[in-house]
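Accompanying notes for the structure given below.
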Amino acid sequence: LKLSAAGKTATELLQQLAVESNKSIAELLKIDKRIGRADMKRAKAAYRAMIIDRIAAGSVYLAELWSRSLGWKYDSERFFNFTPAPGFIAPGADRAIDATQAK
């Protein structure tokens, strides 16, 4: 699985993920026509590789988006970013806007 993220905006990354996922549609329909929907256990087994592939791809894209948005870097050991004390946003619409823009 390779992510070419250099120089791309978050929107472009999401579009890239959608394009990649779209490439699976022909295979998905082929499996659907062959297996049908009567036996869900059999269908689940037929789609297993495709499901794993798409979850893995989504995870890689999510890691890249988190890295950009939160300043978090994936360290090959954990895929989470736990913040025990989230930033305070003051009550009130105008104050909330100011609080979110504060550094």
Side-chain angles (χ1 to χ4, degrees):
L1 194 60
K2 205 180 239 188
L3 173 65
S4 55
K8 293 186 179 176
T9 66
T11 301
E12 289 169 332
L13 285 175
L14 293 173
Q15 289 171 338
Q16 182 176 314
L17 176 61
V19 166
E20 288 176 13
S21 296
N22 192 38
K23 293 176 184 175
S24 301
I25 291 176
E27 181 65 20
L28 184 141
L29 291 174
K30 184 178 167 184
I31 293 170
D32 189 50
K33 288 178 181 179
R34 182 172 43 99
I35 301 293
R37 299 179 186 179
D39 184 352
M40 284 289 113
K41 188 174 182 180
R42 186 171 173 228
K44 180 179 76 170
Y47 290 112
R48 180 175 169 76
M50 187 180 298
I51 292 168
I52 290 170
D53 180 67
R54 298 320 316 150
I55 289 173
S59 297
V60 171
Y61 279 86
L62 181 60
E64 175 62 23
L65 293 169
W66 277 1
S67 175
R68 291 178 180 197
S69 300
L70 304 173
W72 169 79
K73 299 292 179 206
Y74 177 62
D75 63 8
S76 298
E77 293 181 19
R78 61 186 180 94
F79 185 70
F80 60 88
N81 183 29
F82 179 70
T83 306
F88 175 74
I89 298 176
D94 57 338
R95 298 195 70 187
I97 292 169
D98 292 339
T100 60
Q101 294 173 352
K103 292 189 178 192

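Residue indices begin at 1 and follow the sequence shown.
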message: Measuring from atom CD of Glu64 to atom CG of Leu14, what distance do you get when rounded to the nearest 0.5 angstrom?
response: 11.0 Å
- prompt: Leu17 and Ala57: which non-hydrogen atoms are nearest, and at how many Å?
  reply: CD1-CB, 4.2 Å
field: Hydrophobic cluster membership, Ile52 vs Ile25, 4.5 Å side-chain cutoff
entry: no
message: For a 4.5 angstrom cut-off between non-hydrogen side-chain atoms, does Arg34 reach Ile31?
response: yes
- prompt: With the 4.5 Å side-chain cut-off for hydrophobic clustering, are Met40 and Ile35 part of the same group?
  reply: no
message: Tell me the closest heavy-atom pair linking Met50 and Leu28, and the distance in Å.
response: CE-N, 3.7 Å
Counterpart residues, side-chain hydrogen bond (donor to acceptor under 3.5 Å, both in side chains), relative to Lys8 (two or more places apart): Gln16
message: Going by side-chain hydrogen bond (donor to acceptor under 3.5 Å, both in side chains), name the residues that satisfy it together with Ser21, two or more places apart in sequence or in a different chain.
response: Arg54
message: Using every non-hydrogen atom in the two residues, find where Ala43 and Gly36 come nearest and quote the distance to one decimal.
response: CB-O, 4.2 Å
